[in-house]
Amino acid sequence: MAILVTGGAGYIGSHTCIELLNRGYDVLAVDNFVNSKPEAVRRVGEICQKPLPFVELDIRNREGLQRLFCEHKIEAVIHFAGLKAVGESVSMPLEYYENNLIGTLTLCEVMRAAGCKKMVFSSSATVYGLHNPVPFTEEMPTSATNPYGYTKVMIEQILRDLCVADPEWSAVLLRYFNPIGAHESGKLGETPAGIPNNIFPYLSQVAVGKLPKLYVYGDDYDTPDGTGVRDYIHVCDLAEGHVAALDYCENHTGAQAINLGTGHGTSVLELRAAFEKAAGVPIPMEVTGRRPGDIATAYADTELARKLLGFTAKRNIEQMCTDGWNFIRQNPNGI
Ligand code: NAD
Ligand code: UFG
């Protein structure tokens with residue numbers, strides 16, 4: 001029985017495939033490479049010393065998915081495939097709704113027809129919106145401020161409705177906080193195309209001299225040092241969280257949202273200082289205005305993940321920066 005991983009060549013998907021392969025799962029990964037490269041698939045195989053079974057496929061391709069479910073006995077799906085850039089989603093809303101929603105609906109329909117009713121879905125802390133107090137707990141109201149965020153809110157709802165309609169379904173809605181870092185081998189990490197939007201790949205590129213300085217988006221927030229505070233989680237911890245969620249999915253039905261974070265907030269200035277220390281290079285910076293849509297502070301209540309999944313993130317900010325630096329140093333131009 002195989003675990004199907006959609007978006008398996010992507011940043012979080014590839015690290016999760018490593019974790020699954022290392023634990024002896026039968027894995028089948030698919031990706032259309034809209035935001036990743038075949039080299040990531042090869043490197044997963046290199047790290048695990050066994051090839052990652054992989055099919056190049058767009059999950060909106062119903063016939064292709066049906067073929068996959070006919071040819072393989074798939075017991076559960078970890079569903080990462082989706083477009084994820086907030087700013088791009090504002091300028092290309094139709095592409096985001098089409099890819100993320102149609103992709104997920106097609107996948108769910110094909111799963112249902114094949115009798116496969118277990119899914120671990122990549123949701124996001126973005127569903128907590130602008131107005132909830134920290135720490136964010138899973139029962140808080142959800143909302144969104146951009147098309148990307150709306151796709152997460154909507155897909156969560158679709159999966160909840162599906163689980164109500166058919167009590168055999170099991171869906172774990174994992175709300176990731178801020179995944180950063182890289183595999184300890186330095187062979188896999190995040191390689192965004194163009195100028196990164198997120199702080200960690202941006203910092204990394206400043207550290208290797210590809211960008212001149214970090215722009216800090218505001219130092220007048222109501223936080224200890226005035227800069228934005230986030231809950232950064234090592235991508236390998238996140239990968240372990242997915243395996244725990246898969247186990248949970250096997251033994252429970254219904255839809256369940258679960259935060260994956262560390263429960264600790266780190267400011268932009270603290271993250272920069274930790275990266276400087278790990279890399280041993282200075283990271284020039286300039287404070288600019290706030291970025292529209294940003295909130296001051298976001299961090300997870302991690303109690304439910306501990307209780308339901310037995311999951312606690314193990315790696316600290318220093319480890320995240322050391323591994324991230326190791327990756328960018330070896331792969332300054334991506335993989
Ligand atoms: P990523 O872009 O590296 O990975 C997503 C993968 O999905 C890519 O390899 C892409 O090529 C593939 N893909 C997209 N549309 C597809 C389609 N129609 N068919 C097949 N493959 C398709 O992103 P990531 O950081 O690994 O994120 C994985 C998931 O986690 C996404 O759903 C994302 O929204 C969610 N998430 C990410 C973060 C984050 O900060 N990285 C935070 C919260 C949630
Ligand atoms: N920041 C800077 N300079 C930069 C980039 C970011 O100062 O060049 C600051 C931001 O203002 C924020 C913090 O760094 O305070 C983190 O910003 P990111 O863009 O790295 O992450 P966000 O928390 O804004 O958002 C990310 C993803 C969302 C996801 C959310 C929660 O982009 O899609 O984490 O998982 F929803």
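We count ligands from 1, going down the list as the structure has it; atoms in each ligand are counted the same way. Keep in mind that this is a model prediction, so the values were computed, not measured. All values below were derived from every heavy atom in this structure, side-chain atoms included, with hydrogens, water molecules and symmetry-related copies excluded.
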Should [X] be counted as touching ligand 1, given the test is an N or O pair under 3.5 Å?
| X | result |
| --- | --- |
| Ser36 | yes |
| Phe80 | yes |
| Ile12 | yes |
| Tyr176 | no |
| Ser123 | no |
| Asn32 | yes |
| Pro179 | no |
| Ala9 | no |

If we only consider heavy atoms of [X], is any one of them less than 4.0 Å away from an atom in ligand 1?
| X | value |
| --- | --- |
| Glu190 | no |
| Asn99 | yes |
| Leu57 | yes |

Which atoms of ligand 1 are found less than 4.0 Å from any heavy atom of [X]?
| X | result |
| --- | --- |
| Ser124 | 43 (C), 44 (C) |
| Gly10 | 3 (O), 4 (O), 9 (O), 26 (O) |
| Asp58 | 17 (C), 18 (N), 19 (N), 20 (C) |
| Lys152 | 31 (C), 32 (O), 33 (C), 34 (O), 35 (C) |
| Phe33 | 11 (O) |
| Ser122 | 29 (C), 30 (O), 32 (O), 35 (C) |
| Gly7 | 6 (C), 7 (O) |
| Val34 | 10 (C), 11 (O), 13 (N), 14 (C), 15 (N) |

Ligand-residue contact atoms, ligand 2 with [X], heavy atoms, under 4.0 Å:
| X | value |
| --- | --- |
| Val86 | 33 (O) |
| Arg291 | 10 (C), 17 (O), 18 (P), 19 (O), 24 (O) |
| Phe177 | 31 (C), 35 (O) |

Is there a side-chain hydrogen bond (donor to acceptor under 3.5 Å, both in side chains) between Tyr148 and Glu88 once you walk through the steps? CA-CA 9 Å; Tyr148 166 71; Glu88 189 180 66; over 6 Å; no
Can you tell me how the ring of Tyr248 sits relative to the ring of His252, calling it parallel under 30°, perpendicular over 60° and tilted otherwise? parallel
Does the N or O separation between [X] and ligand 2 drop below 3.5 Å for any pair?
| X | value |
| --- | --- |
| Phe200 | no |
| Lys84 | no |
| Leu214 | no |

Please state which option from [options] has its nearest heavy atom closest to [atom].
| atom | options | value |
| --- | --- | --- |
| atom 4 (C) of ligand 2 | Tyr202, Tyr148, Tyr217, Tyr232 | Tyr217 |
| atom 18 (P) of ligand 2 | Asn197, Val216, Val268, Asn198 | Asn198 |
| atom 15 (O) of ligand 2 | Pro196, Ala144, Gly228 | Gly228 |
| atom 11 (O) of ligand 2 | Leu211, Ile180, Asp294 | Asp294 |

How does Thr227 reach ligand 2, if at all, at less than 4.0 Å between non-hydrogen atoms: by side chain, backbone, both, or neither? neither
Between Tyr128 and ligand 2, which residue portion shows a heavy-atom distance shorter than 4.0 Å: side chain, backbone, both, or neither?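 The answer is neither; Tyr128 stays 4.0 Å or more away.
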Would you mind checking which non-hydrogen protein atom is closest to [atom], with the distance to 0.1 Å?
| atom | result |
| --- | --- |
| atom 5 (C) of ligand 1 | Gly82 O, 3.9 Å |
| atom 36 (F) of ligand 2 | Ser124 OG, 2.7 Å |
| atom 10 (C) of ligand 1 | Asp31 OD1, 3.4 Å |

Applying ring-ring contact (aromatic ring centres under 6.0 Å, His included) to Tyr11 and Phe200, what does each step give before you reach the verdict? CA-CA 13 Å; Tyr11 173 48; Phe200 198 80; 8.8 Å; no
For the residue pair Leu214 and Ile199, establish whether any side-chain heavy-atom pair is separated by less than 4.5 Å.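 They are in side-chain contact.
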4.5 Å side-chain heavy-atom contact, Ser204 and Trp325: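 No - every pair of side-chain heavy atoms lies 4.5 Å or more apart.
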Side chain to side chain contact (heavy atoms under 4.5 Å, CB included) test vs Met119 passes for just one of Leu107, Leu162, Thr6, Leu173, namely Leu107
Can a cation-pi geometry be assigned to Arg175 and Tyr128, taking NZ or CZ under 6.0 Å from the six-membered ring centre and within 45° of the ring axis? yes
